[in-house]
Amino acid sequence: MQAVQFKMARAALDLSVRRLAQLAEVSEDAVAKLEAGDPGVSAEIVAAVRGALEARGIEFFDGDAPGVRLCGRRPEPPSIPVEDLTAENDE
């Protein structure tokens, strides 16, 4: 896997770093480091981010030209990040 594949996958799903971090249950810093190709990112973080992206329809492929493809995008259920919850929008 190449770092750029994670960034391409996030872009294909129109996810912010913040939202991908929430979905993968990792820090925003971890996602940023992964996308920057930081060699210190743990295998657990890579697996968590990859799993979150694949659960939403991303397929990673390697070979002559590593890339990603969106296969039957699965809609994300509407949600409100915890920090944005108010009495009016509490689900």
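- E25 is linked by a side chain to side chain contact (heavy atoms under 4.5 Å, CB included) to nothing, counting only residues two or more places apart in sequence or in another chain.
- For residues 26-46, the set of pairs meeting the ring pair (Phe, Tyr, Trp, His ring centres under 6.0 Å) definition, not counting sequence neighbours, is empty.
- Taking each heavy atom of L70 and R56 in turn, the nearest pair found is CD1-O, 4.0 Å.
- In this structure, CE on M8 lies 11.5 Å from CD on E35, to the nearest 0.5 angstrom.
- Remark: E28 pairs with no residue by the side-chain hydrogen bond (donor to acceptor under 3.5 Å, both in side chains) rule, at least two apart or across chains.
- Rounding to the nearest 0.5 Å places CG of L34 at 8.0 Å from CD1 of I45.
- The side chain to side chain contact (heavy atoms under 4.5 Å, CB included) test applied to A24 returns V26, A48, V49, A52, not counting sequence neighbours.
- Applying the ring pair (Phe, Tyr, Trp, His ring centres under 6.0 Å) definition to pairs two or more places apart or across chains, none involves residues 35-55.
- Taken to the nearest 0.5 Å, the CD atom of Q5 stands 10.5 Å off from the CD1 atom of I58.
- The ring pair (Phe, Tyr, Trp, His ring centres under 6.0 Å) pairs that include a residue from residues 6-54 are F6-F60, where partners are two or more places apart or lie in different chains.
- Considering every non-hydrogen atom in both A36 and A3, the closest pair reads C-CB, 4.3 Å.
- Taking the side-chain hydrogen bond (donor to acceptor under 3.5 Å, both in side chains) definition, one finds that K7 meets it with nothing, sequence neighbours left out.
- Applying the ring pair (Phe, Tyr, Trp, His ring centres under 6.0 Å) test to residues at least two apart or on different chains, none of the pairs has a partner in residues 28-54.
- Contacts of D29 classified as side-chain hydrogen bond (donor to acceptor under 3.5 Å, both in side chains), with partners at least two apart in sequence or in another chain: K33.
- Between the R10 side chain and the L15 main chain, a donor and an acceptor come within less than 3.5 Å of each other.
- No side-chain heavy atom of R19 sits under 4.5 Å from any side-chain heavy atom of L13.
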